[in-house]
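Step one of this worksheet: look at the structure below.
Because the structure is predicted, anything quoted here is derived from the model rather than measured. First listed ligand is number 1; within each ligand, the first listed atom is number 1.
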Amino acid sequence: MTDRKPRVLATRLFPEDVETRLTAKFDAKLNPTDTLYDGPSLAMAANGFDGIMCAAGDALSTATVAALPESVRMIATFSVGYEHIDVAAAAKRKIMVSNTPDVLTDATADIAMLCLLGAARRAHEGTTMLRNHNWVGWEPRQLRGVHVTGRRLGILGMGRIGQAMADRARAFRMTIHYSNRTRLPADLEKGAVFHADPDEMLPNCDFLSINAPMTPATRKWVNAERIAKLPKGAVVVNTARGGVVDDEALIAALKSGHLFAAGLDVFDGEPKIHQGYYELQNAFLLPHMGSATVDTRNAMGFRALDNLEAFLLRGQTPPDLVTPS
Ligand code: 8YV
């Protein structure tokens, strides 16, 4: 340990209060124009820095991690998801990796419920009709959607966010089905129906909410074959990662009417999303806003800083250390 302040490279323009604390604690290089780094430019920019504070979308792939300068000892991501970081490659180089669990659970579950309701109740068509001055007035047959209260919700991935989604859905008297790597204890399950095989859950889902992380096993998990197992008229909600869904298959099912609607906050390859979504009236689309509240974005930044400070200032293990699976 030397007396100099450890140096931290911020890859994005983070919330004001977060950057205030970052610059008070560290010798920090900020990114005031929020210009995105690609892998090679990130590795080059990190020269001489002890830590990197990054976000989802930053390319901390195998090649980038391998190219990071010797100075880098820690990567703290401003996100709960960490599929953008090759954690195994970082571990090999003894670079610590941390994420920001817990603090975005409620905000993300709120957006999941918004996606569910927006899709089921045709919010996109309603707001478009109104804002385009095409609303001729109330009509008995206008914009009839899918009834939510009392229906069956299947949750793929019953971690923190999945459980928070279930809690919200219970307020709508929905019956909860879920599939998860491990069954939850009764106090967390709260009467939800567990399916060890997620495929067997699908016929029970009037609504399917994706709350599982992006891994090789979940890549394009929602494919044509699985969509066919959902009841006709089901609604698919995704607030996890776009890559869990096969876009072609989802778009085809939304076009054919097998699915009534989809509510999506995340997209494969975002922000360049599949063009087909733009043409669908029954897709309620949001631009990855799950954690976008003032409180939550601050809490995420503070949590990333808690980790950087623990390791770089106090030599402790980061509390939210992520290890290779
Ligand atoms: C974040 C998210 O806003 O934390 C995550 O994993 O998906 C988002 O809600 C985003 O990833 C910021 O890095």
Going by salt bridge (charged side-chain N to carboxylate O under 4.0 Å, His left out), D27 matches just one of K5, R4, R7. Which one? R7
Residues that, via side-chain heavy atoms closer than 4.5 angstrom, fall in one hydrophobic cluster with M214: L156, M201, L202, L208, I210, W221, V222, I227, L230, V236, V244, V245, L250, I251, L254, L259, L264, F267, I273, Y277, Y278, L280, L285
For E189 and Y178, does a side-chain donor sit closer than 3.5 Å to a side-chain acceptor? yes
Side chains of T293 and D295 only: does a donor on one sit below 3.5 Å from an acceptor on the other? no
Less than 4.0 Å from some atom of ligand 1, heavy atoms are found in residues A55, A56, F78, S79, V80, G81, L104, R241, H288, S291, R297, M300
Distance-only, no hydrogens or angles: does the T127 side chain make a donor-acceptor pair with backbone N or O of H124 under 3.5 Å? yes
Could you tell me which non-hydrogen atom of G233 sits nearest to which non-hydrogen atom of F260, and how far apart they are? O-CB, 3.3 Å
